[in-house]
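Could you have a look at this structure, given as C-alpha cells, before my questions?
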There are 2 protein chains.
Amino acid sequence: MEARGTAEGDEAASSGAGGGRTLRRAALDRRTVLVEALRMIDADGVEALSMRRLGRALGRDPMRLYRFAASKDELLDGVVELVLADLQVPRAVDGADWDVVLRRCAHSFRAIALAHPHVVPLLVTRPLATPLGLRPIATLRPLEAIVDLLVGAGFDPKGALHGYRLFTGFLHGHVLNEVQEQVADPDETDDLLRLGLHRLPARDFPRLRALAHELAAYDGAAELDEGLDILVTGLRHQLSAGLRSGPAHREGGAGAS
Amino acid sequence: MEARGTAEGDEAASSGAGGGRTLRRAALDRRTVLVEALRMIDADGVEALSMRRLGRALGRDPMRLYRFAASKDELLDGVVELVLADLQVPRAVDGADWDVVLRRCAHSFRAIALAHPHVVPLLVTRPLATPLGLRPIATLRPLEAIVDLLVGAGFDPKGALHGYRLFTGFLHGHVLNEVQEQVADPDETDDLLRLGLHRLPARDFPRLRALAHELAAYDGAAELDEGLDILVTGLRHQLSAGLRSGPAHREGGAGAS
DNA sequence: GCGTAGCGTCTACGACGTAGATCTACACCG
DNA sequence: CGGTGTAGATCTACGTCGTAGACGCTACGC
C-alpha cells in the first residue's frame with residue numbers, strides 16, 4: 001500500500017472540496033489502477049488505453065500513475081498479472097488424474113480469455129518482450145505448477161517441460177482461434193453473409209464458402225476438449241512408452257525409443 | 001501498379017535535382033512500401049515503425065504512404081500478407097500423404113516466424129481485429145488449401161475444418177513459444193544466469209530453476225515435429241474411427257464413437 | 001490551352017508517453 | 001511552534017504519433 005492513513009484522510013477531504021468527480025478520490029493503489037485499466041481494455045480495447053485516459057478515469061493526473069507502473073508497458077504486464085490471478089493453477093496434490101487437472105486449467109484459461117477477449121493479445125505477446133526469468137513472478141506460476149504436476153505423473157523433468165510447451169502452445173492457439181470467431185454482420189441470418197464470406201471469389205474459395213454453416217456453428221468448448229483429447233492421448237503414449245518417464249516411474253516397458 | 005511511365009520519368013528527374021537521398025526515388029509502389037516496412041519491423045520491432053519513419057526511409061512524405069494503405073492498420077495487414085506470401089501452402093495434388101504436406105506447411109510457417117520474429121505478434125493478432133470474410137484474401141489461402149487437403153484425405157468438411165483449427169492453433173502456439181525463447185544475458189555461460197532464473201525464489205520455483213539446462217537447450221524444430229506427431233496421430237485416429245470421415249471415404253470401420 | 005491526376009510540401013489538430021519543475025498539505029521531530 | 005521531509009497535485013514541456021486537408025506544381029491527354 002502506497003497511501004498512508006493520513007494521506008487517505010486528506011484525499012477524502014480534498015475530494016469533498018474538489019467536487020464534480022464521479023469517482024471517489026480514495027487513496028490510489030496499484031490494484032485500483034490495474035482494475036480500471038482492465039475495465040477500459042475490456043470496454044474499448046488495448047489501443048484505446050492511454051495513460052491520460054486512464055488518469056482521467058481515475059480522477060488523477062496521468063503522471064501519478066507512474067508511481068504504480070514505471071511505464072505503460074509495465075502497466076500492461078500488470079494487467080496480464082491481474083487477469084492471470086484468476087487462472088486455476090493445477091495443483092499436483094489435488095488427487096485427481098493429471099489430465100483432469102490439465103483440462104480444468106485449460107477451461108479456466110479459456111474462461112479468462114472469453115471474459116477478457118481484448119486482453120488475449122497481451123496474454124500471448126507480452127512474454128515475447130521479456131526473457132523468462134525477468135517476467136512478473138505471478139505469470140510464471142502456471143509453468144511451475146504444470147511441470148510439477150507432470151513430474152508427479154511420472155514424466156521426467158525434460159518431458160514435463162515438453163508437455164508444458166505442448167499444452168500451452170495448443171491452449172494459446174486455441175483461444176486465439178476462438179477469440180477471432182467474430183462475425184461481420186451479427187444481425188444477418190444467412191451464414192455466408194454473417195461471416196462476410198460472400199466477398200470471397202467462389203472460384204478461389206469453394207471450400208471456405210461451403211463451410212459457412214460449420215464456421216458459424218463454432219463450439220469452442222468442444223473444440224478445446226477434442227484438442228485436449230488428442231494432446232493427452234499423445235502425452236500418455238509417450239509416458240507409457242517410457243519416452244518421457246522420470247526415474248520414479250520407470251517400472252514397466254523399457255522400450256527403445 | 002499505381003505509377004505511370006510518365007510519372008516515373010518525373011520521379012527520376014526530381015531525384016536528380018533533389019539530391020542527398022540514399023534511396024533512389026523510383027516510382028513508389030505498394031510492394032516497395034511493404035518491403036521497407038517489413039525491413040524496419042525486422043530491424044527494430046513493430047513499435048518502432050511509424051508512418052513518418054517509414055516515409056523518411058523511403059524518401060517520401062508520410063502522407064504519400066496513404067496512397068498505398070488507407071491506414072497504418074491496413075499497412076500492417078499488408079506486411080502480414082507480404083510475409084505469408086512465402087508460406088508453402090499445402091497442395092492436395094502433390095501426391096504426398098496429407099500429413100507429410102501438413103508437416104511441410106508447418107515447417108514453412110516456422111521458418112517464416114523465425115525469419116521475422118517481430119512479425120509473429122502481427123501474424124497471430126491481426127486476425128482478431130477482422131471478421132474472417134473481411135480479411136485480406138491472401139491470408140485466407142492457407143485455410144482453403146488445408147481444408148481442401150484434408151477433405152481429399154477423407155475428412156468430411158466439418159472434420160476438415162476441425163483439423164484446420166487444431167493444426168493452426170497448435171502451430172501458432174508453437175511459434176509463440178519458440179519466438180519467446182530468448183535469453184536475459186546471451187554472454188553468460190551458466191544457464192540459470194543466462195535465462196535470468198536466478199531471480200526467482202528457489203522456494204517457489206524449484207522445478208523451473210532445476211530446468212535451466214533443458215530450457216536453454218530448446219530445439220524448436222524437434223518440438224514442432226513431436227507436437228505434429230501427436231496431432232497427426234490423433235487426427236488419423238478420428239479419421240479411421242469414422243468420426244470425421246467424408247462420404248467418399250467411408251469404406252471401413254463404421255465404429256461407434 | 002485547359003482540365004485533371006499524381007505527387008510533393010506544408011500546416012495543423014488532437015493525441016501520445018513521459019521528463020521535470022514547482023507548489024501544497026500534512027506528518028513528524030526537536 | 002517551526003523546520004524538514006515526503007507524498008501528491010499541477011503544470012509545462014518535449015519529441016513523437018496518425019492523419020486531415022489546403023495548396024501548388026508538373027505532366028499528360030484531349
- Separation of D:dG8 atom P from A:Leu58 atom CG, nearest Å, is 14 Å
- Backbone N or O of B:Leu28 within a donor-acceptor pair of the B:Thr32 side chain at under 3.5 Å?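 Checking the backbone N and O of B:Leu28 against the side chain of B:Thr32, no donor-acceptor pair under 3.5 Å is found.
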- Partner residues of B:Asp44 under the side-chain contact (heavy atoms from CB on, under 4.5 Å) criterion, sequence neighbours left out: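 Here the qualifying residues are B:Ala48, B:Arg53.
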- Message: Tell me the interatomic distance from B:Tyr66, atom OH, to D:dG18, atom P, rounded to whole angstroms.
- Response: 6 Å
- Task: Check whether any side-chain N or O of A:Ser50 sits under 4.0 Å from OP1 or OP2 of C:dC16, and answer yes or no.
- Result: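 Yes, such a contact exists.
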- For B:Ser108, enumerate each residue passing the side-chain hydrogen bond (donor to acceptor under 3.5 Å, both in side chains) test, keeping only those at least two apart in sequence or located in another chain.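 Applying side-chain hydrogen bond (donor to acceptor under 3.5 Å, both in side chains) to B:Ser108 gives none.
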- Specify the separation, in whole Å, of atom CG of A:Asp44 and atom P of C:dC16.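 These atoms are roughly 12 Å apart.
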- Mind listing the residues from residues 72-81 of chain B sitting with a heavy atom below 4.0 Å of DNA chain D? Number order is fine.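 Within residues 72-81 of chain B, the residues near DNA chain D are B:Lys72.
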- Residue list, side-chain contact (heavy atoms from CB on, under 4.5 Å) with B:Asp190, at least two apart or on another chain: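 Scan of B:Asp190 (side-chain contact (heavy atoms from CB on, under 4.5 Å), adjacent residues dropped) gives B:Glu188, B:Leu192, B:Leu193.
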- Could you tell me which residues satisfy salt bridge (Lys or Arg N to Asp or Glu O under 4.0 Å) with B:Asp73, sequence neighbours excluded, listed by chain and number?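 Once residues adjacent in sequence are excluded, the partners of B:Asp73 under the salt bridge (Lys or Arg N to Asp or Glu O under 4.0 Å) criterion are B:Arg126.
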- Closest listed nucleotide, where the reference is the side chain of B:Arg67 and the choices are C:dC16, D:dG8, C:dG6: C:dG6
- Query: Counting side-chain heavy atoms from C-beta on, which of C:dC10, C:dA19, C:dG6 comes nearest to A:Met63?
  - Reply: C:dA19
- Message: I need the CZ-P distance between B:Arg56 and D:dG15, as an integer number of Å.
- Response: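 Result: 13 Å.
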- Query: Whole-Å distance between C:dC7 C1' and B:Arg30 CZ?
  - Reply: 19 Å
- Rounded distance (Å) that lies between atom C1' of C:dA15 and atom CG of A:Leu54: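 A:Leu54 atom CG is separated from C:dA15 atom C1' by 16 Å.
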- Item | B:Pro121: side-chain contact (heavy atoms from CB on, under 4.5 Å) partners, not counting sequence neighbours | A:Thr125, A:Leu128
- Message: Under 4.0 Å from OP1 or OP2 of D:dG8: is there any side-chain N or O of A:Arg60 that close?
- Response: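 So the side-chain polar atoms of A:Arg60 never come under 4.0 Å of the phosphate oxygens OP1 or OP2 of D:dG8.
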- Query: Can you check the B:Arg64 CZ to C:dT9 P distance for me, whole Å?
  - Reply: 11 Å
- Chi angles and distances behind the side chain to side chain donor-acceptor pair (under 3.5 Å) call for B:Glu223, A:His162: CA-CA 7 Å; B:Glu223 289 274 339; A:His162 165 71; 3.3 Å; yes
- Query: Between B:Asp61 and A:Pro62, who's closer to the 5' end of DNA chain C by nearest nucleotide?
  - Reply: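 It is B:Asp61, whose closest nucleotide lies nearer the 5' terminus.
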- Roughly, in whole Å, what's the span from CZ in A:Arg52 to C1' in D:dC11?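 For the pair A:Arg52 CZ and D:dC11 C1', the rounded distance is 12 Å.
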